[in-house]
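So that the names make sense, note that chain A is the first sequence line, chain B the second, and so on, each numbered from 1. Nothing here was measured: the structure is a model prediction, and the numbers come from that model.
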Amino acid sequence: MSLDKYFKLWEEDDPEYQGVEVEIILPEEDTNIPPSLEDTDKKEGDSDRGLVTSQPSGKTSPDGEQKDGDLNKGDSRDIGLGQDGDVEEESPKSFDDLPDGVYMLISAGYDSKEEKPFLLFYDPRREEIIKVVDQTGHKPYAYSKMRKAELENNQIIRMYASKILDITEEEKHDPLTDRDIIVSKIVVRDPLVIGGRKDSLRERIELWEADIKYYLNYLFDLGLQVGDYYVLADGRPVRYDVDPAPEILREAEKLSEEEKEWLFRLAQPVIKFRRVALDIEVYNPPNVMPQPENPEHPIFIVSLRGSDGMRRVLLLDREGKYNGSKEVEGYEVEIYRDELGLIKGALEVIRTYPIILTFNGDAFDLPYIINRAKKLGFQNITQYFRQGRNEVHPAWGIHIDLYKFFKNPSIKNYAFSGAYDIISLDTIARALIGKGKVEIPEHFSMMETEEILRYAVTDAEITYELTAFNNDLVMRLITIIGRISNMTLDDVTRLAVSNWIRNRLLYLHRKKNYLIPREDEIRRKQGSRHFEPVTKGKKYVGALVIDPVPGIHFDVTVVDFASLYPSIMKEYNISYETVNCPHPECRENKVPKTSTWICTKKRGIISEFVGVIRDIRVNVFKKLSKDKSLPREKRDFYNVVQGALKVFINAIYGVTGSEAFQFYYLPSAEAVTTYGRYIIEESIKTAQKLGLRVIYGDTDSLFIEKADKEKLQQLIDEIQRRFRLKLEVDKEYRYVVLSSRKKNYFGVTRDGALDIKGLQGKKSNTPPYIKDIFYQILDHLRGITNPEEFEEARKDIIKIINEAQEKLAKKEVPVEELVISVTLSKPIESYTKTTPQHVKAARKLRDKLKREVPPGSVIRYVKVRGREEVLPIELVRDPREIDSNKYIELLLSTLEQILDVLDIHVDNKRKRVQIVNEKGTLDQFFKIQ
DNA sequence: GCGGACTGCTTACCT
DNA sequence: ACAGGTAAGCAGTCCGCG
């Protein structure tokens with residue numbers, strides 16, 4: 001039976017669906033009492049736990065070589081990902097089970113009813129959350145630089161007297177002046193007295209440490225760290241040290257105390273979290289987006305997938321018409337006769353899971369459920385959830401919105417090497433687990449119910465799998481980032497890297513008894529920019545890019561500095577308080593070619609942080625992740641740790657140059673790049689003196705042609721001696737093809753792999769057909785070792801190009817292959833200065849097809865003849881509309897980048913295009929080989 | 001009124 | 001809500017041209 005009919009049946013007698021408000025009568029058995037938190041605390045039952053027993057998959061993932069620091073396998077762009085769709089059903093077995101009564105700290109918050117901060121612990125034995133409300137009497141506070149007596153006479157403080165519990169004096173170290181000072185601690189009852197309201201104290205007088213979320217302050221003061229294990233002694237958390245593995249103990253021997261601390265904490269096992277993925281389907285009319293803030297259409301399917309193997313799909317079937325299978329894709333189909341019953345049924349299941357997973361649940365699924373339940377008369381729904389401005393937390397645990405997590409550029413680029421570029425469940429799942437969503441060919445109303453269920457359950461399934469693949473990689477990554485940042489796991493998944501770094505730095509300040517400087521204090525510090533930025537709109541000068549020597553270069557060695565900027569920050573003591581420090585005696589320690597000086601007396605807090613995590617990553621976790629004597633499961637775990645560390649290490653320099661960062665200080669960011677340019681310049685000079693030929697370099701790398709082994713070693717030693725920085729061989733190319741363009745080249749490595757950088761043909765906005773030709777040509781060039789082979793390849797290449805042109809001219813290329821995909825990066829109405837082609841196309845989508853084109857949409861359009869210029873692919877009716885000449889030009893300009901230096905030239909007049917071969921230089925080149 | 005030279009905007013890439 | 005450097009295509013403008 002088609003769902004079409006099925007829905008019509010109940011839609012007709014559903015007045016609400018036609019926009020008329022009706023009173024909803026709750027089902028008789030409505031005895032749902034929202035789980036109070038106390039209730040959850042003491043709950044012992046696994047009575048209503050998962051239903052389906054888990055089935056170990058037994059399969060292991062292919063042992064692919066991993067790229068440096070890449071948590072995913074392979075390089076998606078060039079060779080396609082090593083796919084591994086397997087999901088382990090069994091929990092990771094590599095670590096001994098933790099004793100009973102040991103819990104992991106995963107979150108914290110402020111209970112405004114109790115007026116107390118609370119901690120959320122995860123109990124790995126019972127697989128539930130334990131909420132611990134503060135018993136220490138900790139109270140919110142902030143600091144003033146006024147003395148107590150002065151404060152007590154202060155006009156404003158007097159006005160707030162009733163809200164202030166206490167004022168005490170304390171000694172703190174001021175990192176900006178490097179002096180110990182007396183500050184006054186103003187203790188209050190309610191965090192909102194300090195900040196968060198228009199009339200909060202911090203808006204009225206100058207306060208320090210007044211913009212730290214209270215529950216974080218609480219964690220810092222109690223010395224608690226997210227992701228660590230604790231036992232509860234009379235309800236108070238006491239740290240529980242997990243016995244380190246033998247390989248960790250071995251590594252610890254050579255480390256400093258500070259490094260050991262990090263090593264032991266990060267190496268603690270991450271247990272398998274009990275969790276449930278949730279996904280809803282709303283029955284909306286065609287082309288109408290369901291609005292969570294005004295949920296007019298019914299929730300008719302809820303799919304649930306538990307980490308314990310539970311698979312259930314709840315279906316709304318008011319008339320009892322469903323006669324399809326009772327099980328779809330392993331999901332048990334549960335029928336509900338009314339929508340509220342279905343919502344409550346879903347709640348009953350998810351409240352037994354401490355962690356809820358969604359994809360976009362903050363913005364869609366959870367608010368939709370909440371507002372829909374309210375609309376159906378179930379006001380108590382709000383007791384199940386705490387709603388923030390842009391987030392929803394379950395009252396009994398935490399909610400991880402994977403959309404936000406994967407959208408985070410640090411996660412996308414550093415942890416997953418940009419394996420996905422569009423942020424959607426489908427694209428991310430395809431890239432990471434090799435599985436996508438099920439296509440929906442048409443509107444729900446045209447589909448069989450079972451077909452819809454299949455579609456719906458796949459969403460829950462892949463949402464879960466995104467957290468489960470590679471031994472729970474994503475859950476472990478989130479936990480490790482929690483450990484490094486000391487942020488609650490829910491914050492980790494929602495906030496950006498600058499916040500993670502800020503948070504750890506706040507903790508470090510507190511630990512050192514430093515008074516945390518206000519932003520304006522750091523910015524008022526002396527020190528200015530020394531070089532005019534090259535690029536308009538930039539604040540300071542960045543890296544140096546060496547002009548490439550165009551041509552084919554055989555036998556090229558690439559040397560680079562291992563994480564140059566972090567190393568500079570570590571070795572040259574760069575931090576907001578050490579750059580232009582207060583000591584006169586440090587003023588001679590100048591950054592080259594500037595008047596900026598750096599402290600010689602005290603270790604900078606950021607320098608120390610980046611130094612420690614850089615060292616334990618390189619010296620321990622990276623090493624262990626490659627140690628073949630360890631079981632794969634352990635290596636995988638250490639790989640996650642080193643990958644998480646890498647995210648921080650790579651971002652720290654960047655955030656110090658970002659105005660959004662609390663510890664932003666331009667001279668410190670500028671000092672890093674100035675050192676960087678100086679060091680790379682000096683390295684070139686040294687190389688040249690040694691007789692090494694540098695043909696290209698970018699930021700931290702040198703491309704050296706036919707490098708003599710000994711001279712290369714001399715270079716490396718000399719640099720090490722002078723700068724205390726490690727230069728190392730990164731790559732060896734059989735040959736590299738450079739044009740005169742920077743950041744544009746390709747090369748074939750010793751093992752025959754093709755490396756393509758920056759070339760037009762690689763870019764995501766190049767039409768598939770042109771990309772295909774581009775890769776065909778490179779494939780012909782890949783194997784070449786001598787002039788004869790080149791001549792052969794040249795003929796083939798010319799043939800490929802000529803045929804492609806002909807095909808384009810005759811319009812034999814399918815329209816789909818000519819699509820140009822460009823991201824609409826901001827709201828469509830904010831393109832006011834110019835109207836780029838993709839915006840033109842987007843407007844047509846909006847106006848003619850009434851399609852929504854929010855920022856982030858990828859607009860797919862083609863170039864057409866006539867006044868229209870461009871058309872979104874959706875509006876192309878006739879392939880003859882295509883502007884072939886435009887595509888021929890695009891093809892040739894794309895190929896020009898690689899053909900130019902190979903002496904294959906394109907006729908200037910591109911009306912009648914032909915390939916011209918200017919013989920000469922190439923043959924000579926080969927003769928030198 | 002037209003076209004080349006130029007600048008600015010926008011996107012996607014590299015490190 | 002991490003940085004700057006670079007390439008490319010197009011939009012829009014200026015200027016010369018009797």
Is the phosphate of B:dC14 approached by A:Lys762 (side-chain N or O, under 4.0 Å from OP1 or OP2)? yes
Mind checking what makes ring pair (Phe, Tyr, Trp, His ring centres under 6.0 Å) contact with A:Tyr664, not counting sequence neighbours? none
B:dT10 OP1/OP2 closer than 4.0 Å to side-chain N/O of A:His838: no
Would you say C:dC2 has OP1 or OP2 under 4.0 Å from some side-chain N or O of A:Thr656? no
Which pairs pass salt bridge (Lys or Arg N to Asp or Glu O under 4.0 Å) with one or both residues in residues 827-840 of chain A, sequence neighbours excluded? A:Lys840-A:Glu869
Quick check on the 6.0 Å ring-centre criterion: do A:Tyr696 and A:Tyr745 meet it? yes
Can you list everything that forms a ring pair (Phe, Tyr, Trp, His ring centres under 6.0 Å) with A:Tyr675? Sequence neighbours excluded, please. A:Tyr572
With sequence neighbours excluded, what pairs up with A:Thr749 under the side chain to side chain donor-acceptor pair (under 3.5 Å) test? A:Asp751
Kindly write out the residues that satisfy ring pair (Phe, Tyr, Trp, His ring centres under 6.0 Å) with A:Tyr735, not counting sequence neighbours, or none if the list is empty. A:Phe554
Protein-to-nucleotide contact annotation, 5' to 3' order, nucleotides 4-9 of chain C [B base; S sugar-phosphate only; - none; under 4.0 Å, heavy atom]: BBBSSS
A:Arg677 has an atom CZ; how far is it from atom C1' of B:dT15, in whole Å? 15 Å
Could you list by number each residue of residues 821-832 of chain A showing a heavy-atom separation from DNA chain B of less than 4.0 Å, or answer none if no residue does? A:Val822, A:Thr823, A:Ser825, A:Lys826, A:Tyr831
Comparing A:Pro836 with A:Asn650, nearest DNA chain C nucleotide closer to 5' gives the residue A:Asn650
By nearest atom, which of the nucleotides C:dC2, C:dG12, C:dA1 is closest to the A:Val655 side chain? C:dC2
Protein-nucleotide distance (A:Asp700, atom CG; B:dT15, atom P), rounded to Å: 8 Å
Please give, in whole Å, the distance from B:dC13 P to A:Asn413 CG? 11 Å
OH of A:Tyr696 versus P of B:dC14: gap in Å, rounded? 10 Å
State which residues pass ring pair (Phe, Tyr, Trp, His ring centres under 6.0 Å) with A:Tyr507; sequence neighbours excluded, sorted by chain then number. A:Phe220
A:Gln662 CD - C:dA1 C1' separation (whole Å): 14 Å
In whole angstroms, the gap separating P of B:dA12 from OH of A:Tyr420 amounts to 16 Å
A:Arg494: which residues meet the side chain to side chain donor-acceptor pair (under 3.5 Å) condition with it, sequence neighbours left out? A:Asp362, A:His399
Note: for A:Lys757 and A:Lys536 on DNA chain B, the residue whose nearest nucleotide lies more 5' is A:Lys536
Counting just side-chain N and O atoms, does A:Ser658 come under 4.0 Å of either OP1 or OP2 of C:dC2? no
Figure out the OH/P separation between A:Tyr861 and B:dT11, and round it to whole Å. 11 Å
If only side-chain N and O atoms of A:Tyr745 are considered, is one of them under 4.0 Å from the OP1 or OP2 phosphate oxygen of B:dT15? yes
Show your reasoning for whether side chain to side chain contact (heavy atoms under 4.5 Å, CB included) applies to A:Tyr565 and A:Val610. CA-CA 10 Å; A:Tyr565 289 174; A:Val610 74; over 6 Å; no
